[in-house]
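Atom set for the values below is all heavy atoms of this structure, side chains included, hydrogens, waters and symmetry mates excluded. Here is how names work: the chains are called A, B, and so on, in the same order as the sequence lines, proteins then strands, and each is numbered from 1. Not measured: the values here are computed from a predicted model.
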There are 2 protein chains.
Amino acid sequence: MATMREVAERAKVSIATVSFVINGTKPVAPETRARIEAAIRELDYRRNVVARALASSRTHILALLHPDLESRPNATVIQFVMSAAHGARERGYDLVLWPINDDEQMSHLLAGGLVDGALLMEVQIHDSRVDRLIASRVPFALIGRTENDDLPFVDIDFDTTIHQAVDHLRSYGHRRIALVTQRTKAAPGNEPGRIMRAESAYREAMAILGSPPAVITVEGTSAGGREAARALAADAPEATAVILMNEGASAGLVKGSRALGRDVPGHLSIVSVSTTRELGEMIEPSLTVMEAPAAPLGRLAVNALIDQLEGVQDAPPHRLIPCTLVPGQSVGPPPSRT
Amino acid sequence: MATMREVAERAKVSIATVSFVINGTKPVAPETRARIEAAIRELDYRRNVVARALASSRTHILALLHPDLESRPNATVIQFVMSAAHGARERGYDLVLWPINDDEQMSHLLAGGLVDGALLMEVQIHDSRVDRLIASRVPFALIGRTENDDLPFVDIDFDTTIHQAVDHLRSYGHRRIALVTQRTKAAPGNEPGRIMRAESAYREAMAILGSPPAVITVEGTSAGGREAARALAADAPEATAVILMNEGASAGLVKGSRALGRDVPGHLSIVSVSTTRELGEMIEPSLTVMEAPAAPLGRLAVNALIDQLEGVQDAPPHRLIPCTLVPGQSVGPPPSRT
DNA sequence: CTGAAAGCGCTTACAG
DNA sequence: CTGAAAGCGCTTACAG
């Protein structure tokens, strides 16, 4: 590869001037600029990004910190990741994947100076990784929120989403609506924020509706879904509809309900929240879903971070995006009482 | 952040010696080493990876080149990506995501000197990106193969996989087996290698079986699956089983068959190849799948690349991994002729 | 076993 | 508008 020095020699200028035209950092006379651009073209010169990084103390690399997702990743996650990578590249940044197992390792990586900023996924209400991030002094943006709303974050607007889901069900005549949510390994009270926020939005909506809430928590698996179906029949038999905040359990819930003789949507309507429409279509009957804004959220997160790095002040204030209703065939009127 | 110079001063040695102990590149006297290690601990020193990269011309960064998957990624892809990232980190490398739209852009990125090596996904039979990779002189490994088997690659062993699928169906008594494959935007004859290889393995198996092959190609969507169901009924009515090499069409195929009055597996058995077991479980009846070895393949790919970078000679010669049969409920005996 | 020094390929005050 | 030079924080022959 040609170096900046070779370009400078060929164009009969100093390397400083070459740098100025490449970066547009200082005005350069048109003729000089033309000579330099010609030299760049002739030598097929590409600036060495590592040297630039060392000299400017800006690597233009961003880290995506995520729990080790090797096992059960979902479609929403990859859409998010890919759109973040894409958004980063569009602004001249690279995105590295950092599967983080423990906080110690995370601090280590952050201290290496490889990245200009970090994106943290699967944020919990109390999250020690956020403390590590702050301590590292590496700028960051969170995907999800801790209890501290002041930190830079982007998130799904669960309030709006859940209320829309409830409204949709109400428009069919449902009044008794249960919530099926997901059990995690996190300590109780410290679930991923999305689970807690969805639940509190649900409780609020039920309060407005004047209906008693019914919350069922199961694993995010087919078996979990079946368990939810049994629990619904046993503990919340009056519920004619369910809001499902547990993508992995969706197929099991439908299968399990049918196995108990409860047709979907004949006896039980289902809205699956924060999932993909593709997943909704896989299931029979196809699920009515509130599609997670994974791709927009990925771009929003990466742009919020880069804006922060580059000191852009007019960053868009809205950092919450609601899910989008995608009607399927899992919602119908409640069974008529006979 | 502390620098190596500060460590050296505190330990009363030269920075060269500090470098030697950090990298283990040269023997250092035990007492000297102890002093240096103490200084490192006391200053909480972390080597700057950018400076190391520039000085050593090794960035320890790898690129994962993938088509722009923002739209329809699948679970197999993310498992692959995550395990590659994880495998890279375990060996001290970082993985950057490069969504590649065109070859030009790819060459640009490669020329920037950011990465030591590259992994290319979704390799096609004739793939201009591979030519670009070779021209860039950046070491690489392919996920999938071009027609040139000599290049470093890892891949699913479609031969073994398809033959196992056929054997599984034969053990139930099936002899007339169709293949449903996926239409892509690629020019005919230049599909992703996996599609061509699966098809030729299928044709070979049918030849051995003495049955005429029947190949149906549809979009990788629910609509495509329905189309496949119709085409099977119309064009290959004698087929009692189908090997599905089209994950996105799986739900549609089942729904479409039933809509035509053909029960699964009563009238039609299905084996879905190169997919995830989670997806198989979503569907009713749960699909018998040949699970793609996404995670092992991710590690294999990244290790093959790093071995190459580090001159490890005893790289494992086996770079093909077959899918794993995960029985579901979509395979049964063929309908008895009445 | 240890050190002085060159050099990796850029950016960036500073001077003119 | 352009250049000489220092410096980013390391690695790596080379010398001793």
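Proximity note for Asn48(A) (side chain, C-beta onward) versus dC8(D), dC8(C), dC10(C): the nearest is dC10(C). The side chain of Ala16(A) sits closest to dA4(D) out of dT11(D), dG9(C), dA4(D). Of the candidates dG3(D), dC10(D), dG9(C), the closest approach to any side-chain atom of Ala55(B) belongs to dC10(D). Side-chain atoms of Ile15(A) lie closest to dC10(C) of the nucleotides dC10(C), dT2(C), dT11(D). Checking dT12(C), dT11(D), dC10(C) against every side-chain atom of Thr3(A), the shortest atom distance belongs to dC10(C). Listed nucleotides: dC1(D), dC10(C), dG3(D). Nearest to the side chain of Val13(A): dG3(D). Distances were taken from every side-chain heavy atom of Ser14(B) (C-beta onward) to each of dT11(D), dG3(C), dC14(C); the shortest belongs to dG3(C). When distances are taken from the side chain of Arg52(A) to each of dT11(D), dT2(C), dC10(C), the shortest belongs to dC10(C). Considering only side-chain atoms of Ala51(B), the nucleotide from dC10(D), dA4(C), dT11(C) that sits closest is dC10(D).
Side chain to side chain, Asn23(B) and Arg47(B) meet the donor-acceptor criterion of an N or O pair below 3.5 Å. For the residue pair Glu147(A)/His126(A), the side-chain donor-acceptor check at 3.5 Å is satisfied.
Distance, His60(A) NE2 to dT11(C) C1': 12 Å, rounded to whole Å. Atoms CE (Met4(A)) and C1' (dG3(D)) sit 14 Å apart, rounded to a whole Å. Counting to the nearest Å, the P atom of dC10(D) and the CD1 atom of Ile40(B) are 10 Å from each other. Whole-Å rounding puts the Leu54(B) CG to dA6(C) P distance at 17 Å. Atom pair Arg46(B):CZ and dG9(D):P shows a separation of 17 Å (rounding to whole Å applied). Spacing between atom CG of Leu43(A) and atom P of dC10(C) amounts to 12 Å, rounded to whole angstrom units. One can place NZ of Lys26(A) at 13 Å from P of dT11(C), the figure rounded to the nearest angstrom. Taking atom NZ of Lys12(A) as the reference point, atom P of dT2(D) lies 16 Å away to the nearest angstrom.
Proximity of Arg47(B) to the phosphate of dT11(D): a side-chain N or O atom is located under 4.0 Å from OP1 or OP2. Taking 4.0 angstrom as the limit, Tyr45(B) places a side-chain polar atom (N or O) nearer than this to OP1 or OP2 of dC10(D). Not one side-chain nitrogen or oxygen of Thr17(B) sits closer than 4.0 Å to the OP1 or OP2 atom of dT2(C). Phosphate proximity of dT11(D) to Asn23(B): present, with a side-chain N or O under 4.0 Å from OP1 or OP2.
Arg145(B) has no carboxylate O lying under 4.0 Å from a charged side-chain N of Asp150(B), or vice versa, which leaves the two without a salt bridge. Ionic pairing of Arg129(B) and Asp131(B) is not present here: no N-O contact between side-chain nitrogen and carboxylate oxygen is shorter than 4.0 angstrom.
Under the Watson-Crick or G-U wobble criterion, with both distances below 3.5 Å, dG16(D) is paired with dC1(C).
Residue Ser57(B) is classed as having no contact, given no heavy-atom separation below 4.0 Å to the nucleic acid.
Checking side-chain atoms of Glu6(A) against main-chain N and O of Thr3(A) turns up a donor-acceptor pair under 3.5 Å.
The line from NZ of Lys26(A) to OG1 of Thr17(A) is 9.0 Å long, rounded to the nearest 0.5 Å.
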